[in-house]
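Working notes, beginning with the structure itself.
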Amino acid sequence: MKKILALWAVPRSTSTAFERMMQQRGDFLVLDEPFGLYFHYSEERKSDRYPEVAMNSAYNFQPLLQDLTDKAQHQPVFIKDMARFICDRADEDFISHFDHTFIIRHPAKALPSLFTIWPDFQLHEAGYAELYQLFEQVKTVRGKTPPVIDSDDLIQKPEATVKGYCQAVGIPFIPQSLTWEKEVPPEIHQWEGSWHSEVQSSRGFEKYPKKDPVSIEDNEHLQKAYEFCLPYYQKLYEYRLIIE
């Protein structure tokens with residue numbers, strides 16, 4: 001069985017930029033948040049974030065997983081997805097279908113950005129506890145530590161970080177993949193809100209001016225979320241790929 005290369009993320013973690021890099025490579029079928037369809041839009045959906053969208057049985061968990069594994073029999077497949085969508089379904093069988101990798105970002109940077117789009121976000125929508133839960137599940141089942149990259153490393157040292165990632169997962173590094181056109185391909189889901197505005201205006205991994213209208217210190221909801229999420233980020237940070 002050919003395994004699917006998966007990057008598990010939290011929202012606002014530079015994961016879509018990483019996905020653009022994987023698309024630019026040209027050697028993977030790249031799928032954007034397929035399990036988001038299960039989580040939000042299936043008959044088994046776990047979220048009431050988009051209640052106006054009709055349920056679709058094609059997005060139920062097993063048909064969706066089967067479709068992914070079928071695709072992987074014919075070509076290399078990469079998915080970027082949120083750990084919170086599937087951490088409660090990640091048994092040994094599920095884990096066996098993927099080569100699991102993780103991306104993290106300090107909650108001091110990710111949470112204000114999430115708040116800008118979803119000011120009513122809940123802790124599970126921030127996704128840090130679920131990302132750590134999935135990481136531990138994968139580590140236990142596989143008996144080894146899966147690769148973890150940090151958003152700051154990706155922005156500050158993109159070439160070295162992508163090289164390190166490629167080496168960790170056993171794929172060639174393609175320098176041309178580090179830049180792309182200023183557009184988001186239609187296969188990247190445009191969920192409600194301006195999720196991809198920064199990627200849409202970028203040509204690579206770039207640091208953007210801080211423009212979050214609310215700071216953690218000035219908002220009680222953000223303070224509580226930060227205090228909850230920070231320990232999970234710190235635990236994952238201990239396992240990140242060391243980029244020289």
Side-chain angles (χ1 to χ4, degrees), residues 3-23 28-72 77-91 94-95 97-105 110-111 113-135 137-138 151 184-200 225 229 232:
K3 295 189 186 301
I4 300 160
L5 180 57
L7 181 73
W8 303 110
V10 296
R12 318 308 290 165
S13 60
T14 324
S15 60
T16 303
F18 194 94
E19 182 180 23
R20 287 290 285 113
M21 181 274 296
M22 292 299 296
Q23 286 176 319
F28 279 84
L29 171 64
V30 176
L31 301 174
D32 178 74
E33 299 188 22
F35 291 104
L37 301 174
Y38 151 72
F39 192 82
H40 290 294
Y41 301 151
S42 75
E43 293 175 334
E44 307 163 332
R45 62 186 175 191
K46 304 292 186 70
S47 170
D48 57 4
R49 176 60 71 174
Y50 304 116
E52 72 282 359
V53 179
M55 295 183 291
N56 188 334
S57 61
Y59 298 150
N60 288 354
F61 185 81
Q62 286 300 335
L64 197 151
L65 178 60
Q66 186 63 54
D67 182 61
L68 288 177
T69 55
D70 288 346
K71 285 181 169 65
V77 173
F78 170 88
I79 70 168
K80 182 270 290 188
D81 221 323
M82 301 294 146
R84 70 186 185 91
F85 295 156
I86 53 84
C87 64
D88 64 332
R89 304 295 298 262
D91 58 13
F94 178 86
I95 288 172
H97 291 288
F98 301 87
D99 285 325
H100 301 267
T101 64
F102 295 77
I103 185 169
I104 56 175
R105 189 186 187 195
L111 293 177
S113 182
L114 177 60
F115 182 86
T116 300
I117 298 175
W118 282 351
D120 61 341
F121 77 86
Q122 301 177 43
L123 289 178
H124 74 87
E125 291 178 313
Y128 281 81
E130 292 77 8
L131 189 69
Y132 180 69
Q133 177 184 335
L134 181 60
F135 173 83
Q137 289 167 316
V138 170
S151 173
V184 176
E187 57 267 26
I188 293 182
H189 296 302
Q190 295 297 319
W191 306 104
E192 174 197 39
S194 302
W195 290 100
H196 304 312
S197 58
E198 291 179 344
V199 174
Q200 195 159 3
C229 295
Y232 295 108

Mutual orientation of the aromatic rings belonging to F135 and F102 [parallel < 30°, tilted 30-60°, perpendicular > 60°]: perpendicular
Report the C-alpha separation of F98 and L5 in whole Å, then their side-chain angles, then the decisive distance to 0.1 Å, and conclude whether the side-chain contact (heavy atoms from CB on, under 4.5 Å) test is met. CA-CA 6 Å; F98 301 87; L5 180 57; over 6 Å; no
So Y232 and I104, do their side chains get closer than 4.5 Å, heavy atoms only? no
Which residue, R45, E44, E43, R89, forms the side-chain hydrogen bond (donor to acceptor under 3.5 Å, both in side chains) with Y38? R89
Just wondering, do L29 and Q23 contact through their side chains at under 4.5 Å, heavy atoms? no
Steps toward side-chain contact (heavy atoms from CB on, under 4.5 Å) verdict (D99, I4): CA-CA 6 Å; D99 285 325; I4 300 160; over 6 Å; no
Determine whether H40 and V53 satisfy the following criterion, side-chain contact (heavy atoms from CB on, under 4.5 Å), listing intermediate values before the conclusion. CA-CA 8 Å; H40 290 294; V53 179; over 6 Å; no
Decide whether a cation-pi geometry holds between R84 and W8; the criteria are a distance under 6.0 Å from NZ or CZ to the six-membered ring centre and an angle within 45° of the ring axis. no
If you take all heavy atoms of A126 and V10, which pair is closest and at what distance? O-CB, 3.5 Å
Return the CD1 to CD distance between I103 and E19, rounded to the nearest 0.5 Å. 11.0 Å
Can you tell which of F94, F39, F35 makes a ring pair (Phe, Tyr, Trp, His ring centres under 6.0 Å) with F85? F39
Short side-chain to backbone donor-acceptor contact, S13 and A9, under 3.5 Å: no
Can you confirm whether D120 is buried at CG, in the sense that more than 12 heavy atoms of other residues, nucleotides or ligands lie under 6.0 Å from that atom? yes
Please check: side-chain N/O of T101 versus main-chain N/O of A6, any donor-acceptor pairing under 3.5 Å? yes
Show the nearest heavy-atom pair for residues M55 and S42, with the distance to one decimal. CG-O, 3.5 Å
Just how far is it from atom OG1 of T69 to atom NZ of K3, taken to the nearest 0.5 Å? 11.5 Å
d(L37 CG, E33 CD) to nearest 0.5 Å is 8.5 Å
If we only count heavy atoms from C-beta on, is the L7 to I79 side-chain gap below 4.5 Å? no
In Å and rounded to the nearest 0.5 Å, what is the OG to CE distance from S15 to M22? 13.0 Å
Beyond-backbone contact of P11 with E125, side-chain heavy atoms, under 4.5 angstrom: no
Answer yes or no: is there a side-chain heavy-atom contact under 4.5 Å between P34 and D81? yes
Pairwise distance CD(Q137) to CG(D91) - rounded to 0.5 angstrom: 9.0 Å
So, the side chain of N56 versus the backbone of A58: is there a donor-acceptor pair under 3.5 Å, distance only? yes
R20/D32 salt bridge by N-O under 4.0 Å criterion: no
Start with the C-alpha gap between L111 and F121, add the side-chain angles, then the distance that decides, and say whether side-chain contact (heavy atoms from CB on, under 4.5 Å) holds. CA-CA 9 Å; L111 293 177; F121 77 86; 4.2 Å; yes
Classify the side-chain pair R12/S113 by whether it contains a donor and acceptor separated by less than 3.5 Å. yes
Spatial distance of atom CG (L68) from atom CG (L64) [nearest 0.5 Å]: 5.5 Å
